[in-house]
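First the structure, in the form of structure tokens, and then the observations on it.
Atom set for the values below is all heavy atoms of this structure, side chains included, hydrogens, waters and symmetry mates excluded.
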Amino acid sequence: MTEETRLDTYDPSTLEPAWQERWEREGLYRSDIDPERPKHYALTMLPYPSGDLHIGHWYAMAPSDARARYMRMRGFNVLFPMGFDAFGLPAENAAISRGIHPSEWTYSNIERMRDQLKRMGMMVDWRRESVSADPTYYHWTQWFFRRLLEADLAYRKRAPVDWCPSCNTTLAREQVWGDDRRCERCTTPVVRKELSQWFFRTTRYAEELLTFSGLDWPERVETLQRNWIGRSEGASVVFETESGSALEIFTTRPDTLWGVTFMVLAPEHPLVEELMSDEQRSEVEAYIETSTRQTEIQRESADREKTGVFTGGYAVNPVNGERVPVWIADYVLMSYGTGAIMAVPAHDQRDFEFARRFGLEVRPVILPDDGILPLGEDLEAATTDSGPMAASGPLTDTPADRALEATLTYLEAEGIGERSVSYRLRDWLVSRQRYWGAPIPVVHCRECGPVAVPEEELPVLLPDDVEWLPTGESPLKLHPTWRHVDCPKCGGKAERETDTMDTFMCSSWYHLRYLSPDYDQGPFDPAEYDYWMPVDTYTGGIEHATMHLIYTRFFHKACRDLGILQGDEPMRMLRNQGIILGEDSEKMSKSRGNVVAPDELVDYYGTDVMRAYLMFFARWEQGGPWNSRGIEGTARWLRRLWNLFHEGAGDHPVDEEATRDLRRKVHQTLQKVGRDFEELQFNTIVAAMMELFNQMSEASAAGVEPDAWDEAWSIYLRMLAPVAPHLAEELWHRRGEKTSVHRASWPEIDEEALEVESFTLVIQVNGKLRDRLTLPVGTPEKEIRTRALEAEGAAKFIEGKTVRKVIVVPGRLVNVVVS
RNA sequence: GCCGGAGUGGCGGAAUGGUAGACGCGACGGACUCAAAAUCCGUUGGCCGCAAGGUCGUGGGGGUUCGAGUCCCCCCUCCGGUACCA
């Protein structure tokens with residue numbers, strides 16, 4: 001190829017496919033276990049095969065690929081695999097609207113996207129490709145489900161769940177987004193439905209999921225997860241009811257126990273039935289009825305007026321023996337804490353509003369700053385005072401900073417309550433009423449209840465012949481024969497579970513399947529696991545902070561506890577790319593017509609230009625609006641680079657200084673590029689290389705030593721290899737190299753070349769820049785000082801003033817303080 | 001409301017507490033061309049000035065410091081998350 005293409009213009013359209021073909025033929029990107037070398041597992045989030053590789057995919061993957069390539073040149077044995085998150089709704093919707101089988105739709109999309117990915121020039125070992133819709137894959141998704149079920153980490157319960165009326169399926173809490181509770185996929189507002197569904201016990205790992213030790217994750221993601229998990233410390237306190245049951249509540253303010261004037265239960269609370277008096281029965285039942293209906297319609301805003309009803313029952317406050325009325329209200333949620341609260345209207349705004357609405361007593365028990373306890377009826381809102389406790393029996397006068405601790409100690413000593421922690425995190429709802437997913441490997445038997453499908457019968461295959469009607473029922477339920485089976489336990493008549501699994505279950509372990517996609521003795525080959533795991537660099541969008549990234553951490557920890565794998569965390573380092581917006585700064589969408597089509601750009605500019613521009617155009621973690629003219633700059637850079645390479649340094653007499661300066665710049669750039677690759681600061685990598693290129697241009701005009709020129713190119717092309725792999729390879733071979741630049745190692749920095757003979761001394765007077773001097777390195781401080789004071793630009797600002805102080809920063813600047 | 005993050009030229013963006021605006025886009029001027037495009041060279045934060053130079057300048061206000069885009073406090077705006085979570 002080197003001969004034929006020696007035409008002299010940079011033509012990516014011939015050069016790029018030729019190299020791609022050769023790399024594939026030579027197996028350049030195969031990664032195998034090599035105990036001799038340190039490993040590096042680089043991973044980008046599993047793409048959904050939606051049909052075409054869009055600019056967002058490019059943005060996620062091309063810079064990540066450059067980073068992986070850099071790590072490989074640094075001597076790591078790099079695994080950078082790729083696959084597809086192939087189950088999911090769009091495939092099924094295509095079936096419904098166009099009559100194409102979801103499988104056909106999915107696999108033809110995969111074909112196309114695989115080609116597009118190859119065209120990007122990614123360093124992917126395609127032998128390890130995994131597709132989550134393959135039976136050889138979901139076999140193990142089902143196997144994991146079984147293991148979780150055996151360990152009681154999967155369970156089935158009837159509960160009010162979020163239902164998307166457009167997707168016709170339930171959703172996990174994490175998949176309901178925004179103020180108005182919309183479906184994460186299709187933005188339809190969700191509704192509540194009471195259904196029997198499968199859940200994973202993510203809450204069992206709430207505490208452990210809060211620690212991120214040993215992880216290099218963005219602070220932002222950790223915060224999102226912490227908030228999502230929502231840990232609150234407090235006390236659980238038991239109130240006896242007059243009907244004889246124990247009513248347990250959770251509170252973060254046990255120090256206000258003496259201010260309790262009533263209790264509130266969630267309408268669904270199991271004790272409601274027992275507590276309500278005959279007189280209140282009809283009213284209570286009517287309230288329960290309307291509150292259930294209300295949540296079905298839509299969740300109303302938080303600031304609507306409080307509603308509730310008295311149950312007619314009473315409980316006894318364990319700290320003072322007082323009899324307090326028990327109410328029900330929908331501002332208390334069954335799904336948090338114990339579904340019951342003690343109400344302290346004087347110090348909790350929600351309780352306050354409720355008390356005022358229904359004429360309940362308000363009793364302050366925290367002294368305000370003025371030291372005078374107000375009357376409850378005078379308050380206009382719950383107080384946020386932080387004075388000592390008041391009217392609180394034995395704890396009266398306890399100062400605020402000791403109040404919580406003192407109360408907890410008191411409660412424990414008296415046997416009334418104990419320290420307790422509550423989490424906002426809910427268990428993960430994994431049932432989906434859709435066809436195109438991994439079937440839940442369970443059989444329902446009238447005699448034995450839900451029974452796991454035996455391991456040797458896995459996978460439970462999806463039948464091909466199914467009606468895809470958006471009925472709200474699982475399509476598998478409508479299949480004439482599929483669901484009828486014998487119970488694996490008793491042999492009696494039974495039915496298969498017809499729901500499929502949330503696709504987040506598939507993506508919770510794909511990084512493990514990549515290790516050994518053909519392995520059939522288990523989900524992954526332990527030898528591969530031992531060598532490659534954990535993932536060293538994980539890249540993807542921030543939108544998965546509380547979905548995929550919590551699920552996969554939970555999954556990993558659960559599997560660790562089941563003895564399936566080792567280690568506490570699946571992904572050591574995480575980085576998020578931002579979003580590319582349209583040129584109008586709006587989110588890209590077909591309806592807005594602001595979508596950037598990568599294929600067209602690649603046709604026009606080539607992959608290398610595209611890759612380089614994606615690295616350069618914005619801060620990667622931030623993203624931003626696309627600028628189609630900006631790409632010209634990157635294209636120009638590579639074209640000029642091509643030209644300069646072929647023009648050479650020319651025949652000028654050698655300029656020693658230019659030569660020294662060039663070598664210094666080369667090694668400085670090498671240092672900067674290496675540092676920035678480590679931190680995934682892609683934009684400054686390209687900027688630094690452009691700067692070096694500019695200096696090489698100047699140096700060639702000035703005249704440089706051939707050895708220095710040669711060295712510059714040798715280093716330049718290796719730095720370029722991760723960014724523009726095809727161009728770097730082509731020029732590398734044109735220099736006469738016989739092996740691939742992608743097998744070359746990252747250049748070594750020559751510390752000597754970095755040394756400088758002189759430096760610019762900045763002279764400030766009162767902090768303002770007044771002059772600059774070029775001085776030899778090693779100029780004694782005393783001389784620096786005098787030279788600074790005499791410097792022309794500075795002198796006129798010093799004249800006639802008193803020099804108070806002279807700050808000398810060696811090798812950098814002098815600041816003369818005058819007055 | 002609460003929890004994060006961000007505000008730097010016309011634009012994208014650079015800057016271990018030490019020369020603000022690297023690099024690129026755009027714009028302007030010039031060369032080449034019959035012409036245009038491409039390419040090449042130069043200029044390009046605002047204001048004052050013929051110039052030398054001066055002066056202002058990193059959302060606003062205060063502070064720490066010899067010195068602040070960078071650290072601290074208060075505020076404003078935008079973006080993201082979350083929201084009757086007891």
* If the plane angle is over 60° it's perpendicular, under 30° parallel, otherwise tilted; pick one for A:F358 and A:W327. => tilted

Review item, nucleotides 3-5 of chain B N/O atoms under 3.5 Å of protein N/O:
| residue | atom | partner | partner atom | Å |
| --- | --- | --- | --- | --- |
| B:rC3 | O2' | A:N227 | ND2 | 3.3 |

* **Between C1' of B:rG81 and CZ of A:R181, the distance in whole Å** => 15 Å

* **Span that lies between the C1' atom of B:rG45 and that of B:rG9, in whole angstrom** => 5 Å

* Which part of the nucleic acid, if any, lies within contact of A:V816, taking any heavy atom under 4.0 Å across all strands shown: a base, the sugar-phosphate backbone alone, or nothing? -> nothing

* **Partner of A:H347 under side-chain hydrogen bond (donor to acceptor under 3.5 Å, both in side chains), chosen from A:T256, A:T384, A:T383, A:D255** => A:T383

* Nearest-Å distance once atom P is located in both B:rC66 and B:rG60 -> 25 Å

* Asked: In whole Å, what is the span from the CD1 atom of A:I550 to the P atom of B:rU82?
  -> 11 Å

* Structure fact -> Residues of residues 802-813 of chain A with a heavy atom under 4.0 Å from any atom of RNA chain B, listed by number, are A:K805, A:I807, A:V809, A:R812, A:L813

* Rounded to whole angstroms, how far apart are NE2 on A:H544 and C1' on B:rG81? -> 15 Å

* To do: For A:T546 and A:E174, test the side chains for any donor-to-acceptor distance below 3.5 angstrom and give the result as yes or no.
  => no

* Asked: If you look at every strand shown and take non-hydrogen atoms under 4.0 Å, does A:E691 touch a base, only sugar-phosphate, or nothing?
  -> sugar-phosphate

* Asked: Can you tell me how far C1' in B:rU55 sits from the matching atom in B:rC3, rounded to whole Å?
  -> 43 Å

* **Contact pattern, 5' to 3', of nucleotides 9-15 of chain B - B, S or - by protein heavy atom under 4.0 Å** => ---BSS-

* **P atoms of B:rG26 and B:rA38, separation to the nearest Å** => 9 Å

* If a protein heavy atom is under 4.0 Å from the base, mark B; if only from the sugar-phosphate, S; if neither, -; do that for nucleotides 38-61 of chain B going 5' to 3'. => -SS------------SSSS-----

* To do: Indicate, with a heavy-atom threshold strictly under 4.0 Å, whether A:S335 touches base, sugar-phosphate, or nothing.
  => nothing

* In terms of side-chain heavy atoms, does A:R619 have a donor or acceptor partner in A:Q681 at a distance below 3.5 Å? -> no

* Determine the Euclidean distance between corresponding P atoms of B:rU58 and B:rG69; express it in Å to zero decimal places. => 7 Å

* Asked: Does one side chain, of A:E691 or A:Q695, offer a donor that lies under 3.5 Å from an acceptor on the other?
  -> no

* Syn or anti for B:rG9 (syn when the glycosidic angle lies within 90° of 0) -> syn

* Asked: Is the NZ or CZ atom of A:R363 positioned over A:W258's six-membered ring, under 6.0 angstrom from the centre and within 45° of the axis?
  -> no

* To do: Would you mind classifying the nucleic acid contact of A:W637 as base, sugar-phosphate or nothing, using non-hydrogen atoms under 4.0 angstrom?
  => nothing

* Side-chain ion pair, A:K672 and A:D676, N-O less than 4.0 Å -> yes

* For A:Y287 and A:D330, work out which heavy atoms get closest and say how close. => OH-N, 2.9 Å

* Inter-nucleotide P distance (B:rA35, B:rU44), Å rounded -> 29 Å

* **Whole-angstrom distance between B:rA86 and B:rC75, as gauged at atom C1'** => 32 Å

* What is the distance from CZ of A:R357 to P of B:rC84, rounded to the nearest Å? -> 18 Å

* Identify whether the distance between the nearest side-chain nitrogen and carboxylate oxygen of A:D584 and A:R592 falls below 4.0 Å. => no

* To do: Select from A:V817 and A:F250 the residue whose nearest nucleotide in RNA chain B is closer to the 5' end of that strand.
  => A:V817

* Asked: Once you round it to whole Å, what is the distance between C1' of B:rA22 and CD1 of A:I685?
  -> 15 Å

* Using whole Å, report how far CE of A:M342 lies from P of B:rA86. => 12 Å

* Any salt bridge between A:R419 and A:E233, counting N to O under 4.0 Å? -> no

* Can you tell me if A:T9 and A:D11 form a side-chain donor-acceptor pair at under 3.5 Å? -> no

* Considering only NZ, NE, NH1 and NH2 on the basic side and carboxylate oxygens on the acidic side, decide whether A:E222 and A:R226 come within less than 4.0 Å. => yes

* A:Y613 side chain to A:D608 side chain, donor-acceptor N/O pair below 3.5 angstrom -> no

* Structure fact -> Side-chain atoms of A:R629 come closest, of B:rA27, B:rC23, B:rC84, to B:rA27

* For the pair made of CZ in A:R226 and C1' in B:rU82, what is the distance, rounded to whole Å? -> 16 Å

* Is there any salt bridge (Lys or Arg N to Asp or Glu O under 4.0 Å) pair reaching into residues 798-815 of chain A, and which pairs are they, with sequence neighbours excluded? -> none

* **Pairing string, 5' to 3', for RNA chain B - Watson-Crick or wobble contacts under 3.5 Å, brackets [ ] where pairs cross, | to another strand** => (((((((..(((.....[....)))((((((.......))))))((((....))))..(((((..]....))))))))))))....

* Rounded to the nearest angstrom, tell me the gap between atom CG in A:N694 and atom P in B:rC23. => 7 Å

* To do: Using a cut-off of 6.0 Å, state whether more than 12 heavy atoms not belonging to A:I749 lie near its atom CD1.
  => yes

* Quantified in whole Å, what is the C1' atom distance between nucleotide B:rC25 and nucleotide B:rG18? -> 30 Å

* Kindly confirm or rule out a cation-pi arrangement of A:R553 over A:W217, judged by NZ or CZ under 6.0 Å from the six-membered ring centre and within 45° of its axis? => yes

* Structure fact -> Looking only at B:rC23, B:rA83, B:rC66, the nucleotide nearest the A:N815 side chain is B:rC66

* Can we say A:D427 and A:R173 salt-bridge, meaning some charged N sits less than 4.0 Å from an Asp/Glu carboxylate O? -> no

* **A:R426 and A:T203 side chains, donor-acceptor separation under 3.5 Å** => no

